[in-house]
Each structure stands twice: as C-alpha cells, then as structure tokens.
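One structure is given below, encoded as structure tokens.
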Number of protein chains: 2
Amino acid sequence: MELDDRKKRVLQAIVDDYVATNEPVGSKSLIERHNFQVSSATLRNDMAELEKLGFIEKPHTSAGRVPSDRGYREYVDSLMKIDTLSAREQEEIEANISGTVDEAAELIKSATHTLSETTGFVSLSMSPRLRKSFLKQIKILMIEPGKALVVLVLSAGVVKDKIVRIPNFLTDEQMIKLSGAIEKNLMGKPLDEITLVTVESAAKDTEIPNPLLKQVLYEAYTAIKQADQLSIYLEGEHKMLAFPDFSSLGRARDLLGTLSDSGMVAGYVNEMENQAASSGKKDSYMIRIGQEITLEGLDDCSFITATYNMGDTVSGNIGVIGPKRMDYSRVISKMDFVKRKLNEELKKLT
Amino acid sequence: MELDDRKKRVLQAIVDDYVATNEPVGSKSLIERHNFQVSSATLRNDMAELEKLGFIEKPHTSAGRVPSDRGYREYVDSLMKIDTLSAREQEEIEANISGTVDEAAELIKSATHTLSETTGFVSLSMSPRLRKSFLKQIKILMIEPGKALVVLVLSAGVVKDKIVRIPNFLTDEQMIKLSGAIEKNLMGKPLDEITLVTVESAAKDTEIPNPLLKQVLYEAYTAIKQADQLSIYLEGEHKMLAFPDFSSLGRARDLLGTLSDSGMVAGYVNEMENQAASSGKKDSYMIRIGQEITLEGLDDCSFITATYNMGDTVSGNIGVIGPKRMDYSRVISKMDFVKRKLNEELKKLT
DNA sequence: TGTTGGCACTCGAAAGCGGTGAGTGCTAAT
DNA sequence: ATTAGCACTCACCGCTTTCGAGTGCCAACA
C-alpha cells in the first residue's frame, strides 16, 4: 500500500503545519501555505484517503486533520529529511559538553543537561551498562573497626565504591592481605562473570579464619553487583508544562507522575535499547511515538534515544522526551550531535 | 494590637475551614460549622476588623474571606495546637525510615522520601554541612598512571571521594608515602580549617620532588573542599499539580521551574537555617509562608524545614514545600516525627 | 479516471444574557 | 456590643446565538 507522490507531500505538509501551528490543518490552509498545483477539493480527496489509511485523523467532524501516531511514524521513517545544525548551534552544544569535566559521570550529566537546554524538552541519560566492563582494581579500605570501603576501578575509567560492614575484630593487616588476594584473582574479569562463588574462591589462599572471611567476601560481592546496577538521570521535567499539548492539568499530572518513577522509565529505556539491539538496528537513534510508548501518560509524547559508548564493551543511553508534535528533524539532529560529541569526550577519558 | 478572644477564634475557624474546603468562608457558614454564640452579623463585624488588620482578605467584593499570609502567620505562631500522630501513622513512618539502610546519605534520602509520601507534598533534604566535621582518614589511591582517587573519611561516618589527575610519572610507592604524610598531618582537623597552605605544609617532610607534589596537593585540597559543598535533594515535585491551588498552568509552571533550579532552592534553605540560627530559634522547625518566601513562583506555598544532626558538629535540613493552604498542624507534627526518627537512626550509625 | 467548483451541513469556540445565591456593608433598634 | 433587616454585588451556571473553518458529496469537466 504505497502512497503516491502527492499524498506523501500532503502528509508531510500536514505534519509540518501541525507541528508549527498546533492547529488542525484543513485543505484550504494547505493550499495557501504550500503551492500544490491542485485545488483544495483534490486535497480533500487525498486527505480522505490518508484518513482511511490511518495516517491522519480529525479531532471532530468539522475540524481539520491531525497526524495520527501512524502518520508521525510514516513521517519519521520515510518523509522527513534530517537537517544539519547551524555552526552557531554546533558551537553552543560543543561549548557545553567539552567543558573541564573529566569524570565520565559528570560528562554524561553535562550532555544530558545540554540536550534539555537545546531542545527545550525533558532529557535523560542512563548510567553506563557496566556488566561487560572488567575489574581493573578492587581495594577494601578499613575505615574503622567494623566498617570498610570497597573501591572498584573498572575499565572505561569508572570508579565505584560502597561502604560495607565487616566483622569488628578483623585487623588492618588482615584486610590488606585479603584485599590483595581478591584483587589478584578477580582482576581483568568482566563484572557479569563474577559470582559469589568466584569471589569466595578468590580468597582461598589466605590464612584468615573462615568465619571472618565469609562476611567480607559477601559484602565485596554485593559491592560488585551494585556497581553494574542501572540508574537513570532525568532533567527538565517542568519544561513539559510549557507545551499547549499538556495544558490539561490531568495530562500534565499523569505525565510528570510517570516520569517521577525513575525506575519505570529506566526499565522502558532499557527495553527500547534491547529491542533495537536484537532487531539489528540501522539508525543511530531509536524512536517511539505516542501510543507506541507503553508508559502511562506518555500518549502525547515521543521518546527518542541514542546510545553512547565508553570503550568497546560499555554503553549507555541518552535521550529526550517531548510532545509528539515536535520538530523531529531538528531534535534528532541535535541529539545526534550531542551524542557524537559525548562519545568523543568519553574517548578522551580512557 | 492584641486580638480579643473571639476574634482569635474567628481567625482560627476561617483558616481551618478554608484549608478544609478551599472555598472563601463567609459569616453564615462560619456560624453553621462552629457554634459561636453570636449572630452572623457580629461575625461580619469581627471579620471586617480582621480584614482591616490584614489577617484576612476577600478575593472579590461579594465573596467570603480568605486568610492572608499574615493570617496564616498568626495562625501558626499562636493559634494552632500541634496534634499528635496516631499510632498507625507513627508506625508507617518508622517502618520506612528504620530500614536496612546504613549509609547516612541513604538514610537521609529515605527520610525525605517518607516525608513526601506521608504529606503528599514536595519534600527535600540538604546534604549535611560538613564544614565542622573533621578528617578521620584521607587516602590517595593510584588508579592508573596519571589518575588517582582521593578518599576522605570524615567524622560522622561520611565517606567522600573524587577522581583527580596527577602527574604521570608519580610511582605507586611515592603516592603511598605522600598519602600517609598528608593523612598524618591533617587527621583530626575540621574541614573548614584546612586550607591549601595547610595541605601543602602537611607534605613537607617527604622527599618527593616538589613539582610533582604541587599538583597532587592541590587536587587533594580541591577534593577536601568539594566534600563540604552543599547539595540538595528534592522529591515529589509533580505532586504539586494535584492541588487546586496550582490549577492554573502558569502558576504550576513557575513553581516547578523554580524548584528545578536546585542551587537556588538550596541557597534559600541555607538562608532560612542561618536566619533561624542567628535569631536564637526556639522551635524545632522553621516556616516561611507565601510572600515571605523570596523564591519566584512560591507565593502560594509554604516552606517548612527542620534540622537533623549527625554527631555534635554536623547538621543538615529536611523540609517540605506545600500549598500555603495546608494543614499546618499535621504537616509539622509529621515532619517533626520524621526528623526525630532520622536523628535516632543517624545516631546509630556513628 | 482524476480534478474541480459548488453547496449544504457540522460543530466547536466565543459572545451575550438572565437568574441564582452566597456573601457583603450599613443602619437602626435592642 | 450585638442583632435583625435590607439593599447591593458579583462570580458562576446554564442557555442561546452567532460565526466560521472545515467537511463530504455531487455534478461537470479534461
């Protein structure tokens, strides 16, 4: 069911106009704004057809047409051409990302911030998926009797730590010995291959009494497992209130309510990433429109994400959430640029 | 200009009714709901008086009265009696705070969460003011050539760390020696007494070449200074949208916009704390109502904070932001209870 | 077969309008 | 100082009217 050329143009024009004006667009105004070489009656016929095919719909009988989710989908998949950013825009983004920050987490946060600023939407980032990164160092520092700090240094330059409880009577020297033994045996292992058993066997050849060992090893293990937990960072939620699309208090509340459940959002982003990966994605971005999003209250939103990389095995996501009535071309090109800059900067860190 | 007894009762009744119904309250309905032993005409006179004194005002000529900021102020300062929580409420709060968490930051976060849940408002917490805490340990861990991790252990059981850049050719042993020297000299010092000079002189008696030293010391110093920077955590912003008081999109946007600037909010909380401290506060809570709040868009809110303590010298704040048309008594008693529980749990940690 | 002008029809948005009722201030009597 | 009474105000509700952009359909045309 291919659309003929003019129908494509019509759909494209409807999306463009609707995005620009937030008014349902009618056959007359289409003729005025774009120079189709046909009459409004002809367009009316085309529009009726497009509606039958599910690309557009009318809010009520006597109004213009509005793109449906499917219409937007067609638009982003084959109608729009991605535009390039002006030099000034590029500079602005670059200035914000390539700052003085040289910790990966800070860098990612600054990219997220820039993304929200430049698009005016909600932006988000997922922490890097560290499962596949490997342990470069693990140190257990005695803080005081009964309390220690486990410090993990991972490939890709990430450092994680966790305060843990340990048996009171463990001495400083025992701890150093133990820490060394664990490190020697786990060094170079990817996080997802480390199990409690691995950790326990790593400390076999120390002569520390077993009952003391047990707890420390378990805590070290939890510290490692905690390191590869995903977390999400969201920014600019309030900006959604600026869009007429959410001027109904109810919608706005649902939306912000859902976004406040960061675990849920994180899960969804993760799902998107997995789907894209398993379907052999070709694009540099992933996109979900309106009802395609399974999160409550995001029916009027679009969700666009991209993947950043830290080294060969570690990656994460950045993304934006905006009204589905958005200028997809601009947003995507902006996100793409932010992503590329972020990747460049991350590479410098390693 | 003291209010006579009945006028006090009238003001109190107006606040109570208005909080409960969100409708301007008139003389007739006052008579109905409360049993004043006088006629509505008498109350009208009293109300006219109260209005002249600035405690109440009318939204428009032919409507009932609404408390002014000054009215609320009078109410919280001398009219309301703080009620006690039911056993069930106490249990609910206790269950949420005294969890398995045993890191101070986590504990504070969980208290903040509970606060938002139980009040239905925005809640917030400030990180502990660590200026007065003293250094228990400082370790500099070599991560890889050119990169190290500075780990600070502070009194009150707080651990902070920061990744820093160091000269490439600094060896592991040099680092250990240096780290030891710094620690020996700085141990026990309150953070706010540590200056760059202190740090530099702490490393005098190592035989490491000066140019190498300089950068490390500077980085150690910045790590220390960074540790006592204040940060704020906000939760439940979206809940504000549930209140009819912010049903105008414009107000809601202003409010959430302001709250999203966490630096600004943190500054304000800090200011509140300082004012309270310097004026010899008596209450266990601080409160700002409506226009008293100097943040933009919070004219219809009240801001209530309390202070939590970690050890003798370190403290921070928790608080809530809700519509100024709130049940002050309940909110205050809840916050007070959360604070007490939090303090108990924090004490266990040290 | 695709295109066009014409026309009756639809329906939301905006504007106008009168009634209702809770509330007020004022005054004169208690 | 308190009260009953009364005229007045004004937001709110529901109703009707008008307006106009937009539609679907039809008959005519290339």
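Residue numbers start from 1 in every chain, and the chains themselves are labelled A, B, ... in the order their sequence lines are given, proteins ahead of strands. These numbers come from a predicted model, not from an experiment.
Rounded to whole angstrom, the span from the CD1 atom of A:I31 across to the P atom of D:dG22 amounts to 12 Å. Summarising the geometry, the separation between CG on B:N45 and P on D:dT3 is reported as 10 Å, rounded to the nearest angstrom. Summarising the geometry, the separation between CG on B:D17 and C1' on C:dG23 is reported as 15 Å, rounded to the nearest angstrom. To the nearest angstrom, P of C:dG23 lies 15 Å from CD of B:E51. Atom-to-atom, NZ of A:K58 to C1' of D:dG24 comes out at 8 Å; the value is rounded to the nearest Å. Whole-Å rounding puts the B:Q37 CD to D:dT2 C1' distance at 14 Å. Atoms NE2 (A:H60) and C1' (C:dT10) sit 9 Å apart, rounded to a whole Å. A:E23 places its CD atom 16 Å from the P atom of C:dG12, with the value rounded to the nearest Å.
Candidate nucleotides D:dT3, D:dC10, C:dG5 were compared by shortest atom distance to the side chain of A:S39, and C:dG5 ranks first. With C:dA22, D:dT23, C:dC26 as the candidates, the nucleotide lying closest to the side chain of A:S27 is D:dT23.
In this model, no side-chain donor or acceptor of A:R44 finds a partner on the base of C:dG5 within 3.5 Å. Counting distance only, with no hydrogens placed and no angle test, the side-chain atoms of B:T42 and the base atoms of D:dT2 include no donor-acceptor pair under 3.5 Å. In this model, no side-chain donor or acceptor of B:R65 finds a partner on the base of C:dG25 within 3.5 Å. Applying the 3.5 Å distance criterion, the base of C:dT10 shares no donor-acceptor pair with the side chain of A:T61.
With B:L3 as the fixed residue, the side-chain contact (heavy atoms from CB on, under 4.5 Å) test singles out one of B:D46, B:L50, B:V10: B:L50.
The closest side-chain heavy-atom distance from B:Y75 to B:L11 is not below 4.5 Å. Between B:K7 and B:E49, the closest side-chain pair of non-hydrogen atoms falls below 4.5 Å. The shortest distance between side-chain heavy atoms of A:R288 and A:Q275 falls below 4.5 Å.
Using modelled atom types, one finds a donor on one side chain and an acceptor on the other under 3.5 Å when comparing A:E273 with A:N317.
When heavy atoms are screened at a 4.0 angstrom cut-off, A:A41 is found touching base atoms of the nucleic acid.
Residues B:V38 and A:S29 each lie close to DNA chain D; by heavy-atom proximity, the contact nearer the 5' end of the strand is made by B:V38.
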